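Just so it is clear, the model here is predicted, and its values are computed rather than measured. Proteins get letters first, then strands, A, B, ... in listed order; numbering begins at 1 in each.
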Protein chains: 2
Amino acid sequence: MTNLFENINDKNIEKLKRILKANTINYRKNVNVLSNVNQDNFIALIDTGSVQLTFSDYEGNKTIIDELSSGEIFGSLTSYIKNEEVSCITKEPTQITFIEYTEITNDEIFKNDFYIIFIKNLIKLLSEQLEAKNNRIEILTKKTTRDKILEYFKIQSQSKGSKIFTIPLSYTELANYLSVDRSAMTREISSLKKEGFIKTNGRRITLLY
Amino acid sequence: MTNLFENINDKNIEKLKRILKANTINYRKNVNVLSNVNQDNFIALIDTGSVQLTFSDYEGNKTIIDELSSGEIFGSLTSYIKNEEVSCITKEPTQITFIEYTEITNDEIFKNDFYIIFIKNLIKLLSEQLEAKNNRIEILTKKTTRDKILEYFKIQSQSKGSKIFTIPLSYTELANYLSVDRSAMTREISSLKKEGFIKTNGRRITLLY
DNA sequence: TGTAAAATGTTGCAAATGCAACAAATATAA
DNA sequence: TTATATTTGTTGCATTTGCAACATTTTACA
């Protein structure tokens with residue numbers, strides 16, 4: 001994952017943050033970040049820590065939109081934050097820097113040659129998030145629970161470059177991510193093991209095909 | 001939807017295209033655009049017409065990734081085009097402009113003051129595509145076919161600002177987009193009509209709640 | 001360290017859904 | 001216009017899945 005300030009030195013990062021009127025806030029664990037954010041058009045950059053973005057519908061069903069960690073962004077550019085049903089919960093102590101979107105093209109910023117690096121990073125981040133969403137859509141469009149699991153494992157395996165990998169989610173969270181019933185998912189994983197397609201040891205998966 | 005060249009006048013658009021070494025190609029209907037594209041990192045801009053991006057898995061199941069029309073972009077920034085299983089079929093005669101990603105930050109481009117408008121448009125386009133993908137994920141994570149249909153209708157209704165709207169897909173394509181069996185979807189839409197939740201007339205839908 | 005909370009594993013059952021196989025209605029193109 | 005292809009509507013049936021309910025294990029934290 002690209003970092004928003006990648007390839008910019010510390011001194012220039014500080015300068016850039018000043019020009020962007022960036023506002024840095026520290027949060028404890030399990031706090032709803034968006035509750036005290038009232039800006040309309042903002043980019044939130046996770047400096048350290050991690051958050052989970054969830055969406056609750058009118059019936060109270062929760063779905064994970066995204067899991068983000070250090071260097072990644074969220075906000076009006078990436079999710080429908082305006083919507084009050086979205087919440088952003090810190091999974092650990094987390095530092096977040098808020099930038100108003102309009103500041104990204106303010107007058108002062110052009111004078112600096114690191115600006116173009118910043119813009120390229122931003123574009124790269126957005127396109128990486130698009131790829132992540134494409135992956136999830138690819139999984140969710142599979143008809144059966146089994147195919148969803150296998151597609152997820154395939155993507156994990158490819159990104160790690162190995163048939164052995166550790167999934168970054170708990171099984172409860174995975175069921176949520178795949179949008180299937182947790183018990184049905186466990187049932188299917190058991191079958192996959194019995195039929196010799198995979199081996200598991202906790203969250204460590206081995207593909208046997 | 002934002003247009004990539006929004007708020008740039010015709011003369012400057014021409015200049016910008018020249019600086020970006022843009023390459024414009026015309027396609028007939030039902031042509032696979034990607035078959036003769038060999039660039040690795042490109043942005044494809046649809047000037048006129050429309051295309052359908054689809055993904056085929058190893059079993060030959062086709063899923064729609066996206067439907068795009070005039071002003072919208074696709075390519076390495078927005079989808080996993082490198083993958084040969086992705087195809088891009090024109091739905092009508094279509095003109096597409098290809099831009100290599102690296103040109104977006106070439107030396108000559110900074111000298112022009114319309115450049116920042118172009119970058120803002122690009123960022124806006126990417127974030128709009130993210131929103132579209134978030135919408136689709138929101139739909140796909142619904143557990144039942146009924147909830148998927150209703151979520152889709154809700155989003156359509158909101159974007160049109162009316163309880164009466166015409167869906168932009170055929171029912172066959174809609175089933176594909178929702179990733180449900182077409183006959184099961186028809187069955188569910190019939191029930192929704194019988195139970196008085198909606199009225200339909202071809203692709204024109206009226207929400208009665 | 002002990003205790004409450006959260007995560008994981010398992011199963012029966014009812015409901016939802018994919019699939020197949022049609023007929024009928026529309027749309028497309030020669 | 002006519003023939004052909006595509007889309008739409010409908011139904012029976014087998015399979016998959018969500019749901020509920022529970023036991024067991026692991027984790028978190030006071």
Within the 4.0 Å heavy-atom criterion, would you say B:Ser183 contacts the bases, only the backbone, or no part of the nucleic acid?
base
Once you round it to whole Å, what is the distance between P of C:dA7 and CD of A:Glu173?
7 Å
Gap between atoms NZ and P, on A:Lys143 and D:dT16 respectively (whole Å)
14 Å
Please state whether the phosphate of D:dT6, meaning OP1 or OP2, lies under 4.0 angstrom from any side-chain nitrogen or oxygen of B:Thr172.
no
What's the CD1-C1' distance between A:Ile149 and D:dT16, to the nearest Å?
13 Å
For a quick check of understanding: with a heavy-atom distance under 4.0 Å over all strands, which category does A:Thr144 fall into, base, sugar-phosphate or nothing?
sugar-phosphate
Over how many whole Å does the gap from A:Asp181 atom CG to C:dG12 atom C1' extend?
14 Å
Test item: side-chain donor near acceptor, A:Ser87 and A:Asn32, under 3.5 Å:
no
Contact summary for A:Tyr209 and A:Phe197, nearest pair of heavy atoms
CD2-O, 3.4 Å
Please check if the side chain of B:Glu128 supplies one atom and the backbone of B:Glu72 the other of a donor-acceptor pair under 3.5 Å.
no
Side-chain atoms of A:Thr186 come closest, of C:dT8, C:dT10, C:dC19, to C:dT10
Contacts of A:Glu92 that satisfy salt bridge (charged side-chain N to carboxylate O under 4.0 Å, His left out) - sequence neighbours left out:
none
Please report, rounded to the nearest Å, how far the C1' atom of C:dA16 is from the NZ atom of B:Lys142.
17 Å
So A:Arg182, base contact, sugar-phosphate only, or nothing? Heavy-atom distance under 4.0 Å.
base
Take the protein atom NZ of A:Lys148 and the nucleotide atom C1' of C:dG18, then report the distance between them rounded to whole Å.
12 Å
Please report the distance, rounded to the nearest Å, between CD in A:Glu188 and P in D:dT17.
6 Å
How long is the line joining CG of A:Asp147 and P of C:dG18, in whole Å?
13 Å
Do the side chains of B:Phe114 and B:Ile13 get nearer than 4.5 Å, heavy atoms only?
no
Of the candidates C:dC13, D:dG12, C:dT8, the side chain of B:Arg187 sits closest to D:dG12
If only side-chain N and O atoms of A:Ser170 are considered, is one of them under 4.0 Å from the OP1 or OP2 phosphate oxygen of C:dA6?
no
